[in-house]
Amino acid sequence: MNYKHFFKNNLLRKISEITTFRQYPIWIDGASFTLAGTEFFMTHNPEDLKRLQTTEERFLLGKTRNLVTNTVAMRDSESIKQIVDIGIYKGGSIALYALLFSPLKLVGIEYSTEPVEPLDKFITKNGLRRQVSTYYGVNQADSKRLIQIVDAEFGGVQLDLVIDDASHYYAETRSSFETLFPMLRPGGIYIIEDWGWAHWAGDEWQNSKYFPASSPSLTNLLIEISMLCASRPDLVASLQVEHSVITVRRGNAQFEAEEFKLEQQYLNRGNKFEPII
């Protein structure tokens with residue numbers, strides 16, 4: 001660990017907690033709000049998310065009002081200053097977390113190779129170049145690349161929060177979890193959004209061209225994390241399941257130096273787990 005970097009970040013964290021003026025959303029209607037003068041429009045429909053664009057005047061955000069409200073509550077109850085956001089997409093989540101958490105470091109990772117220009121201008125306009133970094137053309141399942149990015153950006157300082165709102169595919173999401181969960185500090189939080197897509201009503205989900213019935217659902221990962229929570233509460237202290245969000249809190253155990261693999265940590269009476277849904 002880079003101890004100079006560690007102590008500097010802890011000092012900055014304390015200063016930030018004392019001096020930061022906490023911002024709260026001002027709701028325009030059920031789908032729109034402003035935060036620190038920046039407007040956000042929310043939709044959860046896959047076709048709308050694909051069709052609509054972020055502009056300099058308004059960010060597109062693939063979340064619900066309840067999720068935004070819960071994120072504000074988490075901000076108010078937790079010490080969160082080191083954040084990784086997997087899935088930049090149209091840029092709304094990075095802008096939201098930058099304004100909401102006032103982080104010491106926020107890193108966004110995106111599979112698409114094309115930068116979100118309004119987000120880039122937002123970062124510059126708000127003087128966030130040192131605090132916010134974005135990486136495009138990165139597959140969330142590329143463990144080696146994720147580790148390189150986190151090491152370069154955080155300098156060995158443990159993460160407070162990881163949010164995965166990226167592919168929503170089982171194998172890719174599982175790979176990111178195995179890579180980044182050990183990088184959380186004890187008590188840190190790992191969030192997986194939209195885990196329940198295989199069970200939501202409506203043709204956009206039950207007959208989805210993005211998530212065909214042949215694709216293993218994220219429910220399988222939920223099952224594996226729940227087995228880990230039961231087997232190793234020192235690794236997973238708690239698991240909270242909501243309609244569209246899994247919230248995993250890291251335990252106090254030290255992770256071994258070797259690669260972290262879920263199937264090597266949970267117990268299942270000697271049976272191998274295979275995706276069943």
Side-chain angles (χ1 to χ4, degrees), residues 66-67 70 74 77-78 80 84-87 109 111 139-147 150-151 158-201 205-208 210-277:
N66 184 63
L67 183 52
N70 288 346
M74 179 178 62
S77 62
E78 304 280 344
I80 296 174
V84 171
D85 182 25
I86 314 172
I109 296 166
Y111 181 76
N139 188 326
Q140 70 172 119
D142 187 344
S143 178
K144 183 177 180 180
R145 182 65 178 132
L146 291 187
I147 292 171
V150 172
D151 285 349
Q158 291 179 304
L159 308 175
D160 298 313
L161 174 65
V162 177
I163 309 103
D164 185 337
D165 189 18
S167 70
H168 305 309
Y169 293 132
Y170 166 69
E172 289 83 349
T173 306
R174 187 183 194 271
S175 177
S176 296
F177 182 82
E178 291 178 329
T179 302
L180 296 178
F181 185 72
M183 296 184 177
L184 285 169
R185 63 169 170 80
I189 297 170
Y190 198 107
I191 291 175
I192 301 173
E193 296 189 7
D194 298 330
W195 75 270
W197 55 259
H199 315 290
W200 293 340
W205 301 109
Q206 293 305 307
N207 296 298
S208 173
Y210 305 107
F211 304 107
S214 59
S215 177
S217 72
L218 277 180
T219 313
N220 295 289
L221 181 56
L222 169 59
I223 293 170
E224 288 190 281
I225 296 173
S226 67
M227 289 193 290
L228 181 61
C229 184
S231 303
R232 294 289 307 272
D234 58 330
L235 293 180
V236 172
S238 66
L239 171 63
Q240 181 177 341
V241 181
E242 299 175 68
H243 169 72
S244 62
V245 177
I246 299 169
T247 303
V248 188
R249 188 176 293 273
R250 187 196 182 300
N252 292 322
Q254 294 295 318
F255 280 84
E256 300 298 330
E258 64 264 17
E259 201 173 49
F260 171 62
K261 293 295 182 184
L262 280 166
E263 69 272 14
Q264 296 175 0
Q265 300 298 333
Y266 57 68
L267 301 174
N268 191 27
R269 298 171 298 167
N271 296 317
K272 181 180 179 181
F273 176 82
E274 299 285 354
I276 58 176
I277 300 175

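When reading the values below, keep in mind they use all heavy atoms of this one structure, side chains included, and skip hydrogens, waters and symmetry mates. One is the number of the first residue; the rest follow in order along the sequence.
Here the closest heavy-atom approach between residue Ala141 and residue Ser176 is recorded as N-OG, 4.4 Å. Among all heavy-atom pairs drawn from Val162 and Ile86, the shortest one is CG1-CD1, 4.1 Å. Considering every non-hydrogen atom in both Pro216 and Tyr170, the closest pair reads O-CB, 3.5 Å. For the residue pair Ala230 and Pro233, the shortest heavy atom distance occurs at O-CD, 4.0 Å. Nearest heavy atoms, Leu218 versus Asp194: CD1-O, 4.1 Å. When all heavy atoms of Asp164 and Ala166 are compared, the pair lying nearest together is OD1-N, 3.1 Å.
Here the side chain of Ser231 pairs a donor or acceptor atom with the backbone of Leu267 at under 3.5 angstrom. With hydrogens and angles disregarded, a donor-acceptor distance shorter than 3.5 Å links the side chain of Thr179 to the backbone of Ser175. Between the side chain of Gln240 and the backbone N or O of Val248, no donor-acceptor pair lies under 3.5 Å. Side chain of Tyr266 to backbone of Glu224: no donor-acceptor contact under 3.5 angstrom is found. A donor-acceptor pair under 3.5 Å is formed between the side chain of Ser226 and the backbone N or O of Ile223. A donor-acceptor contact shorter than 3.5 Å links the side chain of Asn220 to the backbone of Ile277.
Between Ile225 and Phe177 there is a side-chain heavy-atom pair separated by less than 4.5 Å. Side chains of Leu262 and Phe273 form no contact here, defined as non-hydrogen atoms less than 4.5 Å apart.
With sequence neighbours left out, the ring pair (Phe, Tyr, Trp, His ring centres under 6.0 Å) criterion links His199 to no other residue.
Rounding to the nearest 0.5 Å places CG of Leu221 at 7.0 Å from OG1 of Thr173. Residue Ser244 holds its OG atom at 14.5 Å from CH2 of Trp197, rounded to the nearest 0.5 Å. Note that CG of Asn70 is 9.0 Å distant from CD1 of Ile191, once rounded to the nearest 0.5 Å. Taking CG of Leu239 as the start and CG of Leu228 as the end, the distance is 9.5 Å to the nearest 0.5 Å. In this structure, CD1 in Ile163 is found 11.0 Å from CD1 in Ile109, a value given to the nearest 0.5 Å. Here the OG atom belonging to Ser143 is positioned 8.0 Å from the CG atom belonging to Leu180, to the nearest 0.5 angstrom.
Applying the salt bridge (charged side-chain N to carboxylate O under 4.0 Å, His left out) test to pairs two or more places apart or on separate chains, those with a residue in residues 242-254 are Glu78-Arg249.
Ring pair His168/Phe211 is tilted by interplanar angle, where 30° to 60° counts as tilted. Between Trp200 and His243, the angle of the ring planes stays under 30°, which puts this pair in the parallel group of the 30/60° scheme.
Around the CZ atom of Phe260, the shell of radius 6.0 Å holds more than 12 heavy atoms that belong to other residues, nucleotides or ligands.
Salt bridge status for Lys272 with Glu263: absent, with no side-chain N to carboxylate O gap under 4.0 Å.
Side-chain atoms of Tyr169 and Gln140 include no donor-acceptor pair closer than 3.5 Å.
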